[in-house]
Amino acid sequence: MVLAEVAGVDLESLEILVGERNLTIRGVRQSPLSSGERKSYHKMEISFGPFTRKIPLPCAVDREGVVVSSAGGLLRIELPKVPAREPKARVIPIE
């Protein structure tokens, strides 16, 4: 599971790409200031503008089973693992 903070991001502008072993989240967080308005901040903890997050995944995921939900400014991405394949045994004849 991946939990990403997306407060202030329009969910329709998000793009979520899932590869076999990677996840990419792209979007744009719009500034609350109107264009042309200038303010001086002592400290700003939120960045605005386009962003991309590339997250390597520890194992292969089933891309068809990915579930995405959002609540309270958090994006929850559930990535089910690909079922482990059992190695096929090979019978070796004795000569």
Sequence neighbours excluded, the answer for side-chain contact (heavy atoms from CB on, under 4.5 Å) partners of V28 is Q30, P50
Across all chains, not counting sequence neighbours, the side-chain contact (heavy atoms from CB on, under 4.5 Å) partners of D10 are E12, S13
Salt bridge (Lys or Arg N to Asp or Glu O under 4.0 Å) pairs touching residues 54-83, sequence neighbours excluded, are R76-E78
Residues 22-32 vs salt bridge (Lys or Arg N to Asp or Glu O under 4.0 Å), sequence neighbours excluded, gives E5-R29, E15-R26
Other cluster members, [X] - Ile/Leu/Val/Met/Phe/Trp/Tyr, side-chain contacts below 4.5 Å:
{"X": "L17", "value": "none"}
{"X": "L23", "value": "V2, V6, V9, L11, L14, I16, V18, I25, F51, I55, L57, V61, V66, V68, L75, I77, L79"}
{"X": "L74", "value": "L3"}
{"X": "V67", "value": "none"}

A4 and R53 have their tightest heavy-atom pair at CB-NH1, 3.5 Å
